[in-house]
There are 2 protein chains.
Amino acid sequence: MTNTAQNYHHGDLRSALLKAATDRIAMHGIDSLSLRKLAEDAGVSRTAPYHHFKDKSALLSAIAAQGFCQWHTTAKRIFDQTHVPAKDRFRQFVHEYIGYAADNPEMYELMFGRTIWQQDAATDDLKSVAYPCFQFQVTMTRYWQEQGLLPDNQEALRLSQVTWGTLHGIARLLIDGIYADRSHIDDMCDCAADLFMRDTD
Amino acid sequence: MTNTAQNYHHGDLRSALLKAATDRIAMHGIDSLSLRKLAEDAGVSRTAPYHHFKDKSALLSAIAAQGFCQWHTTAKRIFDQTHVPAKDRFRQFVHEYIGYAADNPEMYELMFGRTIWQQDAATDDLKSVAYPCFQFQVTMTRYWQEQGLLPDNQEALRLSQVTWGTLHGIARLLIDGIYADRSHIDDMCDCAADLFMRDTD
DNA sequence: AAGGCAATGTTGACACTGTCAAGATAAAAC
DNA sequence: GTTTTATCTTGACAGTGTCAACATTGCCTT
């Protein structure tokens with residue numbers, strides 16, 4: 001029994017908004033999101049969303065949180081393939097990280113961009129999903145150090161900041177339209193992976 | 001003879017706007033910039049700026065162009081210190097790159113962020129200043145390869161994308177508020193430099 | 001079952017924003 | 001001295017996020 005428009009109570013407005021907003025952002029970009037239009041499309045009045053999200057950035061935080069769950073799952077999947085050599089897993093991780101960013105540019109911006117994190121707009125909900133995700137990056141780095149893939153004369157935290165920074169930087173330059181040519185993504189990933197693992201040929 | 005408010009023609013509105021906007025952005029962030037407020041502060045009507053800048057992003061482009069000139073000068077200054085060992089210059093470059101970003105976060109966002117580059121909002125003027133700046137990064141990388149600081153089994157373009165990506169990524173994570181602690185900036189820079197130059201101890 | 005409370009949705013309003021069109025004014029060019 | 005051009009003005013439009021006050025509904029308790 002689907003909910004038609006004439007009902008006073010929508011029934012599941014929160015998740016309807018979340019889904020619609022996620023889709024719209026993926027298709028037309030973060031800036032194109034308007035709470036008013038979103039409400040109208042959901043067949044509801046302008047201010048109805050405020051009963052489900054404190055403000056616009058709370059909605060954006062909720063969307064980003066979904067992205068973190070998604071990505072964390074992917075990262076764990078790659079990392080946990082114990083039957084695959086660590087070296088190959090590392091290379092795969094690099095490719096998939098950049099691939100995720102390239103395939104979901106607006107979501108990536110939301111997750112790792114200034115929109116949310118800059119002025120402390122991040123919800124506690126978001127933080128509770130994002131921080132473990134950041135932490136996992138350190139865990140993986142430490143593992144790769146132990147496996148001899150990455151230099152072990154650096155602190156794991158520091159090194160993970162640099163390796164993550166590299167992936168993040170390449171992703172941003174791609175997403176933000178500064179590296180115009182996307183046909184070299186794989187080459188760039190390999191170059192980065194080679195650079196990090198260059199001791200272990 | 002300074003121009004007081006009651007004149008119909010401001011006299012030098014373009015550069016006045018540019019300066020005011022640059023200052024405001026540095027102090028209060030890009031999002032705080034409003035053409036209307038800017039005009040009002042300059043003692044001029046709301047739409048006067050449109051006679052000097054096609055639209056808001058043209059103004060932002062002009063500001064970013066200033067930043068590129070500034071940074072390009074700094075980069076050349078570092079690179080051209082021929083009396084300093086290449087290795088030290090490289091390390092210095094890393095530190096100054098991140099330092100520039102950390103000291104001028106909003107300018108950095110403008111120069112290398114989505115605000116301008118994303119939807120082809122970049123003016124031709126901006127491009128003519130920015131592209132040589134990007135190119136210089138490749139030139140430097142090639143030089144460092146020749147000097148044996150960076151691996152020479154990689155294409156210069158590809159390698160410069162990765163090294164620049166690393167700096168860019170660290171810079172973004174810092175200024176976007178994802179790496180909260182700024183006290184470790186120098187350590188991170190050294191870690192990155194060590195990672196790249198680890199063959200040449 | 002009745003009444004009350006909390007969740008949810010609505011309309012109205014406010015203060016902003018960027019930007020266009022049409023007209024006014026001053027300066028420069030001829 | 002007249003005309004063109006650059007510059008600046010007011011008026012208007014279509015948006016935006018968000019608050020306050022009010023309406024409706026469903027659920028929970030008595």
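Chain naming here is simple, since letters A, B, ... match the order of the sequence lines and numbering starts at 1 in each. For the numbers below, each heavy atom of this structure counts, side chains included, while hydrogens, waters and symmetry mates do not.
Within a 6.0 Å sphere centred on CD of B:Q81, other residues, nucleotides and ligands contribute more than 12 heavy atoms. Annotation: B:R142, atom CZ; neighbour count of heavy atoms from other residues, nucleotides and ligands within 6.0 Å does not exceed 12.
Spacing between atom OH of A:Y50 and atom P of D:dT16 amounts to 11 Å, rounded to whole angstrom units. The interatomic distance linking A:D55 (CG) with D:dT18 (C1') rounds to 9 Å, in whole Å. Look at NZ on A:K54: it is 7 Å from P on D:dC19, rounded to the nearest Å. Atom CG in B:L35 sits about 11 Å away from atom P in C:dC20, given to the nearest Å. What separates CZ of A:F53 from P of C:dG9 is a distance of 11 Å, to the nearest Å. Distance NZ (B:K56) to C1' (C:dG18): 8 Å, rounded to an integer number of Å. With rounding to whole Å, B:L59 atom CG is found 10 Å from C:dT19 atom P. Distance B:L38 CG to C:dC16 P: 16 Å, rounded to the nearest Å.
Side-chain contact check for B:S57 and B:D55: at least one donor-acceptor pair (N or O, by modelled atom type) lies under 3.5 Å. In the model, B:E96 has a side-chain atom that pairs as donor or acceptor with a side-chain atom of B:Q92 under 3.5 Å. Judged purely by distance below 3.5 Å, without hydrogens or angles, the side chains of A:R172 and A:Y179 never pair a donor atom with an acceptor atom.
Checking D:dC8, D:dT16, C:dT19 against the side-chain heavy atoms of B:V44 singles out D:dC8 as nearest. For A:S34, counting side-chain heavy atoms from C-beta on, the closest listed nucleotide (D:dT16, C:dG18, C:dG9) is D:dT16. Taking only side-chain atoms of A:S45, from C-beta outward, the nucleotide of D:dG17, D:dT9, C:dT10 with the closest atom is C:dT10. The A:H52 side chain lies nearest to C:dT8 when the options are D:dT18, C:dT8, C:dT19.
In this structure, A:K37 reaches the sugar-phosphate backbone alone: every heavy-atom distance under 4.0 Å involves primed, P, OP1 or OP2 atoms, never a base. B:L33 comes within 4.0 angstrom of the backbone, heavy atoms only, and of no base.
Relative ring orientation between B:Y97 and B:Y108 is described as perpendicular, the plane-to-plane angle rising above 60° on a 0-90° scale split at 30° and 60°.
Ion pairing of A:K37 with A:D41 is absent here, as no side-chain N (NZ or NE/NH1/NH2) approaches a carboxylate O to less than 4.0 Å.
Taking side-chain N and O atoms only, A:H51 has no distance below 4.0 Å to OP1 or OP2 of C:dA6.
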N/O-N/O pairs, protein side and nucleotides 13-15 of chain C side, under 3.5 Å:
none

